[in-house]
Amino acid sequence: MKHKRIIILIILVLTIFSLFVSAVYANFSDGFKTGFQIGTQIKQKREMKWKAEQLEELEKVFEQWEFFSDTVQKLVESEQMTPELGKKFLVLNSLLPMDLQVHGQSFYNGIMSVDKDKVAEEKQYFKNIIDTISVTSGKASSKTFSNLYSLLASNKKSLIDLIIESDFSYTTPQSELKYNSFEDKWEYAPPGSKLKFNAFESKWEFAMSNENPKFNAFESKWEFSSPEDKTKYNPFEDKWSYEKPNSDLKFNPFENKWEYAPSGSVLKYNPFADSWSYE
């Protein structure tokens with residue numbers, strides 16, 4: 001009987017000890033998990049703060065470029081730089097943003113994936129851009145152009161040389177920017193043109209007094225055209241349109257397409273639509 005009591009007592013002690021060990025282990029495990037979760041949360045918060053700081057830097061880069069681009073545009077329009085340099089800057093202002101977008105996307109991807117090496121690489125690229133346009137202090141010189149030109153991708157360098165050597169010009173336009181209040185957009189239109197309603201296409205367009213809607217059977221649509229205009233085929237774009245008798249096909253390197261343009265027309269930039277066209 002005595003031995004039986006001893007055995008029961010031992011079993012009771014072992015049970016209590018087992019429960020105590022289990023409780024201690026559970027508390028340790030919970031504490032470890034809690035500590036791990038807190039550590040993870042701290043890391044995530046630090047990463048979020050770092051991402052926010054990098055995104056803010058990226059935003060400032062594009063703000064500075066926009067300011068510089070607007071400054072150059074005003075200098076060109078006010079003739080505060082030579083026509084030759086003005087031509088170079090206008091072309092540069094259209095091509096360099098393409099590279100900025102590529103590097104900006106790479107910068108953004110690096111931020112989101114916390115790839116600090118990639119972020120550092122892209123920050124150096126943008127630092128070179130900012131250092132170049134910040135020293136101008138509201139001015140743009142041939143040295144500024146040369147420095148920015150050196151930062152262009154190789155394919156853009158060959159393109160910019162081709163455009164500058166072409167008949168590109170920002171003077172003597174055959175058309176001017178006009179606001180189409182019915183369509184709520186700015187567009188190039190010949191001087192003297194007025195808004196006319198194209199009832200067949202249900203839209204308002206700028207047209208000269210001798211231009212009226214004509215049916216384009218090849219495209220099954222109505223277009224404003226003068227009596228002497230003829231339908232011409234554009235094999236590069238595979239489409240027909242009414243064009244002036246003296247118009248010829250010209251390559252538009254900014255839009256990467258071929259279009260009909262009257263003799264003497266030049267490439268003009270539409271800042272409201274962010275597009276180039278022969279006018």
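Residues: numbered from 1 along the sequence shown. Reckoned from all heavy atoms, side chains included, excluding hydrogens, waters and symmetry mates.
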Quick check for you: to the nearest 0.5 Å, what is the distance between [X] atom [atom1] and [Y] atom [atom2]?
X      : Y      : atom1 : atom2 : result
Lys116 : Lys123 : NZ    : NZ    : 10.0 Å
Lys143 : Leu148 : NZ    : CG    : 12.0 Å
Phe107 : Glu57  : CZ    : CD    : 6.0 Å
Glu122 : Asp115 : CD    : CG    : 10.0 Å
Lys51  : Ser113 : NZ    : OG    : 8.0 Å

### Query
Under 4.0 Å between a Lys/Arg side-chain N and an Asp/Glu carboxylate O for Lys60 and Glu63?
no
### Task
Report the relative orientation of the aromatic rings in Phe254 and Trp276; use parallel for angles under 30°, tilted for 30 to 60°, perpendicular for over 60°.
parallel
#### Entry: Ring geometry between Phe182 and Trp204 (parallel below 30°, tilted from 30 to 60°, perpendicular above 60°)
parallel
Whether [X] side chain and [Y] backbone form a donor-acceptor pair below 3.5 Å:
X      : Y      : answer
Ser247 : Glu243 : no
Lys232 : Lys244 : yes
Glu211 : Met208 : yes
Tyr242 : Pro213 : no
Asp99  : Ala153 : yes
Asn198 : Trp222 : yes
Asn212 : Phe224 : no
Glu255 : Ser275 : no

Mind checking whether [X] and [Y] have side chains closer than 4.5 Å, heavy atoms only?
X      : Y      : value
Gln54  : Trp50  : yes
Ile129 : Leu96  : yes
Asn128 : Gln124 : yes
Asn216 : Trp240 : yes
Leu195 : Glu183 : no
Tyr233 : Asp238 : yes
Glu121 : Lys118 : yes

### Query
Do Thr144 and Asn147 meet the criterion of a side-chain donor-acceptor pair at a distance under 3.5 Å?
no
### Query
Any side-chain donor-acceptor pair under 3.5 Å between Glu223 and Ser225?
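Glu223 vs Ser225: no donor-acceptor pair found between side chains.
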### Task
Tell me, with the steps shown, if Leu92 and Leu152 meet side-chain contact (heavy atoms from CB on, under 4.5 Å).
CA-CA 9 Å; Leu92 180 73; Leu152 274 174; 3.9 Å; yes
### Message
Pair Asn109, Gln105 - check side-chain contact (heavy atoms from CB on, under 4.5 Å), show working.
### Response
CA-CA 6 Å; Asn109 292 341; Gln105 185 63 51; 3.0 Å; yes
### Residue Tyr108 excluded, over 12 heavy atoms near OH under 6.0 Å
no
### side chain to side chain donor-acceptor pair (under 3.5 Å) evaluation trace for Lys178 with Ser193
CA-CA 9 Å; Lys178 292 186 176 185; Ser193 60; 3.2 Å; yes
### Query
Is Phe89 reachable from Leu151 through a run of I, L, V, M, F, W or Y residues, each pair having side-chain heavy atoms under 4.5 Å apart?
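Same cluster: Leu151 reaches Phe89 through Ile, Leu, Val, Met, Phe, Trp or Tyr contacts under 4.5 Å.
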### Query
Linking I/L/V/M/F/W/Y whenever any side-chain heavy atoms sit under 4.5 Å apart, do Leu58 and Val114 land together?
yes
Ignoring hydrogens, what is the shortest heavy-atom contact between [X] and [Y]? Give both atom names and the distance.
X      : Y      : answer
Lys214 : Ser226 : NZ-O, 3.2 Å
Pro227 : Asn210 : CD-O, 3.4 Å
Leu249 : Pro235 : CD1-CD, 3.8 Å
Gln64  : Ile130 : OE1-CG2, 3.4 Å
Leu100 : Phe126 : O-CZ, 3.8 Å
Pro245 : Asp229 : CD-OD1, 4.1 Å

### Task
Check Tyr278, Phe251, Phe236 against Glu259 for a side chain to side chain contact (heavy atoms under 4.5 Å, CB included) and give me the one that passes.
Tyr278
## Note on the structure
In Lys185, Glu187, Glu205, the residue satisfying side chain to side chain donor-acceptor pair (under 3.5 Å) with Asn180 is Glu187
### Query
What's the verdict on side chain to side chain donor-acceptor pair (under 3.5 Å) for Tyr179 and Asp184, showing C-alpha distance, side-chain angles and the deciding distance?
CA-CA 7 Å; Tyr179 180 61; Asp184 190 25; 2.6 Å; yes
